[in-house]
Structures are given as C-alpha cells and as structure tokens.
Number of protein chains: 2
Amino acid sequence: MQATRGSGGVKVTGPLLAAASAEARVRLLMNAHALAVPRGRLIIAQDAEADRLFILLQGSVGLGFADEDGAATMVEILAPGEAFPLSAALLRLPHPVSATALAPCRLVAIPAEDLREAAAADPALMHTAIEQMTRQWRLLADQVVDLKTRDATQRAARFLLRRLSAPRGAVEIPEPRGAIAARLGMTPESLSRALHGLEAAGLLRLHARRVDVPDRAALLRAAQPRAGASQGARRV
Amino acid sequence: MQATRGSGGVKVTGPLLAAASAEARVRLLMNAHALAVPRGRLIIAQDAEADRLFILLQGSVGLGFADEDGAATMVEILAPGEAFPLSAALLRLPHPVSATALAPCRLVAIPAEDLREAAAADPALMHTAIEQMTRQWRLLADQVVDLKTRDATQRAARFLLRRLSAPRGAVEIPEPRGAIAARLGMTPESLSRALHGLEAAGLLRLHARRVDVPDRAALLRAAQPRAGASQGARRV
DNA sequence: CGGGGGCGTTGATTCAGATCAACGCGGCCC
DNA sequence: GGGCCGCGTTGATCTGAATCAACGCCCCCG
C-alpha cells in the first residue's frame, strides 16, 4: 500500500517524519499502512507489546490507565500529528497505557522494527524522538501542576485554550464529555458546570461538539489561579 | 579531581553509568566533578540552560515548577541514583523546572557536552537514557493517576510504600514535610493528618525523620482506592 | 413511526480537604 | 543561657467538588 498518503488523501506528516532524512523516511514508510478507526475502539490494549508506532493523522486518541483495582483515568489526549507509543516502540517494551479512539481516527502504523532501524541510522530522527518524549514529559508535568493548583473551572478553561491559538475562534470538541472530564480529573457533572459557568460569564459559547471563544485573552485571564492561591504551592 | 569516587568515598553509580561502555564512562567522568549541597539550596534555576547533567548520589532533590502567576508545585522528588535533567542536557535545552536540595546532597556534575558525545558514540548509553526518560514519564503518569483517583491518605501511604521494598522496615524522610505535601498535592496540614491517621490505624509509627512500617502489606491495602471509587475514572 | 438507551445536563446533599488560627517544640543565633 | 523563629501539629470552620438522583434530548434500532 502506498503510505505517504492516507486513503483519504491526507498527507502523512508530524514532527517525527518531518525530521527524518530521506532514507529514514523511506524505511519508516516502506511497510507502513494507514488505517481508520471508529470512535470508541481500543487501539492499543494496556500492557500490550509495542510492535507498531502509530501516528495520528485525524481524530483524537485518549491514553488511559486502568489500575489493577479498577480505577481508570485518562492520562492524555493526543492531537493529530502525535506519534505513540514512541518510547515503548523504540525500546521494544510493553506499554502500560491503553489507547482509545475518542473520535473517528485516521492513523498510520509503522512497524516498531523499522522505527528502531531508522532511528539508529538517522541521528536527526533520534534527536527528534527524544524531543517528542521530552515534550510529552512536560505536558504531563503541566497537567500535574494543573491538578495541584487550579480548580475545575480553570482546568476546563485551560483545556480549551490549548486548542485555540487564534485570539478568537471555534474549538472543536469531538471527544465525549466524560473522556474530557477524566482527562481533567473531574466528574462529567463538574465539567458541565464549569463549562456552563464560563458561558454564563460570557467567556464562551457552547455548542454540541464545538465551543466558540469570542476573546481568548479574557478566557486566559479566567484560567489563572486567583492571587494568593496556594495548595501544593510551597517555597522551601 | 578524581570523580569516580565522591569526596565522601561514595562510588559514582546509577543506571546511566552502569550501562555505558568503558570508553563512554571515561568520557563522562573525565571532566566531571563532585559537589555537596546543603538542604534548601537551589541546584538548578527554572529555565536555566542545561549545561551539566547531575547524578544524585546521596540526599534528595525536588523538581519544582513555579508558574508565571506564582503558583509553585513540587513535580517530582528524586532519589539517589537518578540523573537530571537528562533530556534537557541531551538536547541542550533550557529546562523549565527548578531543582532544589530537599536534604543535604552529594552529587556529580557532568558537562552536557560530554554527555552528548558519549551518548552519540555509545548506543547502549543512548538506549539507557531513553529508558530513564520513559521511566520518568511513567512516574509522572502514576502521579497523575494518584491525584485523580486517590484521596490524601492513600497518596501519603503510597508515597511511603515506594520507599520501602522490604515487607517491613523503616523509611527515611529527610525532606521537609511541606515539600512532601507539595509533591503529593495537598497542604502540610492534610499530610500531617493523613500520616497521623495511618499511625492511629496501627499501620505505621511516626518519628522525626523516619517512619517505621510494621507491615508493608497492610499499608498497601490502605493505599488502594475503596471499591466503587470513581472520579476521573471512565470507561468510554 | 415509536420506543429505548446513552449522553449531557441540572438540582440537592454530603464530604474531603483547604483555610484560618493557634500552639508546642527544637534548633539557632545572639 | 535565653529568646526567637521556623516547622510540624492540632482544632474549627468553610467551600469546591463528588455523590446521588432525576430529567430532557437525540440518535439508533426495531
């Protein structure tokens, strides 16, 4: 199968492939194949062997953690362009998080073997892979800070802000509310109240699977912790 | 300075050095120097350039995040053997978290330059570096799960458990309570209550800078979420 | 075309943990 | 040796968010 274009005519891109040398890219895509996944489908089971690297082209993928005692959490929600599970595929390790399609997805699967060979042969690719892993770490660190220092409304606001770069515009929210609530560390009820609270404050306008933000700066202001907030905050 | 041994006669070890080839190790330690740091001292300022890799030999280092609006959090507490900031040193990037000595520390500093050269020349070292970064990611993911699904007492119990491998024994807690509370996402008051609650339940015995755990299994049981607990938990 | 069920929302109540306040103890400096 | 200050602890109160409960809506299926 021709993999430089997904079956929908979508160009296969992302930081990883962009950084790879021409030869490395050929190796990566040689045995790659595109696939479409319907919403709700499990893409990677928890603790499964990482035999393929996925690159998300379209849609939304949730990284979940199911504790041995049944507690499940959404650790991260991936946007198009992201590759996963990078480190597990590089190290040929089982990866402890499951991946689920939170919206209809289109992705590319690359054999882990090819990734390893390409990374070993191409320093730039290896460098970018490390960069991506570093980025993932920082995103998680941000999330930890959010959970420790910001309340439900602020977290909801920041979630929307991360999806909006323009000073005003629409944010698409294809994933179910419950998944977003799990990602933000709150119940669906609380998320609903937070969102409607922001709407009542005139900071956004809610639609079915879209949110309109009239003024990014104003929403950003609402996402900041009130002065004097503390909690996990500490000066040692 | 002879760096294969710290000035206290401590052997310089850790996963990174253990995995490096003989030549790579020479390169890493060639310009390395040992240093001692008193409690409370800032080791790396936030957003500083990562010109050195530190390996913690003794003591405890806290990775902190100070938000632009003043909210500060303890993202991670490093134990002896850990190297930081690995990814920033590998990529020659500024790293957004500060590092503070939470107890008197002894560490080794390796020029980032040497690390990069050694990693480029030694695939095993590079492999281990990626392994360590992966480990760091998983620790953070665990922390996210903790914050989302476990209450203060359970988080405190799990924090102690991670420091105790034996079925019973003593856990040293050299770092100030406030730093631990910040790491666990609660106030010092809540940590105190959690700890004393566990002691009242007979699961541990509190001392100044030490906690005795008579029965690891029992404490582990107390750290599990009650059946039916939910919160961020979601099945999509 | 008429149920049925999942998802999102809203309301009432409860509870864990933050906040505010005060105190004891120990180390350190003077 | 005495007083001060920072840390850890304890108590009282308050609040944000979970929980419990119920309802409307839309989409899918029969």
Side-chain angles (χ1 to χ4, degrees), chain A residues 38-40 71-73 102-104 146-157 173-200 204-211 222 225-236, chain B residues 38-40 71-73 102-104 146-157 173-200 204-211 222 225-236:
Chain A
R39 137 182 287 123
T73 315
L102 302 180
D146 268 18
L147 288 167
K148 287 179 181 174
T149 68
R150 283 181 253 265
D151 67 26
T153 301
Q154 292 162 357
R155 295 205 298 274
I173 312 205
E175 43 279 290
R177 291 282 202 273
I180 298 175
R183 158 63 179 75
L184 295 178
M186 64 186 79
T187 59
E189 293 96 319
S190 289
L191 175 61
S192 177
R193 284 186 242 268
L195 253 22
H196 285 263
L198 289 168
E199 183 177 43
L204 47 83
R205 187 147 270 277
L206 289 171
H207 299 86
R209 300 195 167 284
R210 195 184 76 240
V211 177
R226 304 318 318 122
S230 57
Q231 194 172 356
R234 208 40 203 1
R235 192 127 349 240
V236 181
Chain B
R39 140 183 283 124
T73 316
L102 302 180
D146 268 18
L147 287 168
K148 286 180 182 172
T149 68
R150 284 183 253 265
D151 67 25
T153 301
Q154 293 161 357
R155 295 205 299 274
I173 313 204
E175 42 280 289
R177 291 283 202 273
I180 298 175
R183 158 64 179 76
L184 295 177
M186 63 185 79
T187 59
E189 294 97 319
S190 290
L191 174 61
S192 177
R193 284 186 242 268
L195 253 22
H196 286 262
L198 289 168
E199 183 177 42
L204 49 82
R205 189 147 269 277
L206 289 172
H207 299 87
R209 302 196 164 283
R210 196 183 75 239
V211 176
R226 305 313 326 119
S230 56
Q231 197 175 355
R234 210 38 206 2
R235 194 135 340 252
V236 179

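Below, chain A is the first sequence line, B the second, and so on; all start at residue 1.
- Between I180(A) atom CD1 and R183(A) atom CZ the span is 10.0 Å, to the nearest 0.5 Å.
- With R177(B) contributing its side chain and P188(B) its backbone, the two residues share no donor-acceptor pair below 3.5 Å.
- Computed from coordinates, the L195(A) CG to dA17(D) P distance equals 14 Å when rounded to whole Å.
- Atoms CG and CD, from L198(A) and Q154(A) in turn, are 10.0 Å apart once rounded to the nearest 0.5 Å.
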Show me the protein contacts with nucleotides 20-27 of chain D, counting only N or O atoms at under 3.5 Å.
residue: dC20(D); atom: N4; partner: E189(A); partner atom: OE2; Å: 3.3

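- For T153(B), there are no side chain to side chain donor-acceptor pair (under 3.5 Å) partners at least two apart in sequence or on another chain.
- An OP1 or OP2 oxygen of dA18(D) is reached within less than 4.0 angstrom by a side-chain nitrogen or oxygen of T187(A).
- Within the structure, every side-chain polar atom (N or O) of S190(B) is placed at least 4.0 Å from both OP1 and OP2 of dG17(C).
- Between the K148(A) side chain and the A72(B) main chain, no donor and acceptor come within less than 3.5 Å of each other.
- Enclosure of atom CZ in R209(B) by more than 12 non-hydrogen atoms of other residues, nucleotides or ligands within 6.0 angstrom is indicated.
- Looking at residues two or more places apart in sequence or on another chain, you find a side chain to side chain contact (heavy atoms under 4.5 Å, CB included) between S190(B) and M186(B), T187(B).
- Remark: C1' of dC7(D) and NE2 of H207(B) are 19 Å apart, rounded to the nearest angstrom.
- Comparing the local axis fitted to the first five base pairs of the helix from dC1(C)-dG30(D) to dC30(C)-dG1(D) with the one fitted to its last five gives a bend of 40°, rounded to 10°.
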Using the 3.5 Å cut-off, write out each protein N or O paired with an N or O of nucleotides 27-29 of chain C and the distance between them.
none

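- Across the protein-nucleic acid pair, D151(B) atom CG and dA17(D) atom P stand 17 Å apart, rounded to whole Å.
- R155(A) is not listed as a side-chain neighbour of L191(A), based on a closest heavy-atom distance of 4.5 Å or more.
- Rounded to the nearest 0.5 angstrom, D146(A) CG and T73(B) OG1 are separated by 9.0 Å.
- Nearest to the side-chain atoms of R177(A) among the listed nucleotides dG8(C), dT10(D), dA17(D) stands dG8(C).
- In terms of position on DNA chain D, the residue among A152(A) and H196(B) whose nearest nucleotide sits closer to the 5' end is H196(B).
- Within the model, atoms CG of L195(A) and CG of L204(A) stand 6.0 Å from one another, a figure rounded to the nearest 0.5 Å.
- Atom CZ in R150(B) sits roughly 18 Å away from atom C1' in dG17(C) (whole-Å rounding).
- Summarising the geometry, the separation between CZ on R209(B) and P on dG8(D) is reported as 7 Å, rounded to the nearest angstrom.
- Applying the salt bridge (charged side-chain N to carboxylate O under 4.0 Å, His left out) criterion to R210(A), with sequence neighbours excluded, gives D212(A).
- For the pair E199(B) CD and dG8(D) P, the computed distance is 16 Å after rounding to whole Å.
- One atom, CG of D146(A), and another, C1' of dA17(D), lie 16 Å apart when rounded to the nearest Å.
- R39(A) places no side-chain N or O within 3.5 Å of a backbone atom of P176(A) that could act as its donor or acceptor partner.
- Distance, L191(A) CG to dA18(D) P: 10 Å, rounded to whole Å.
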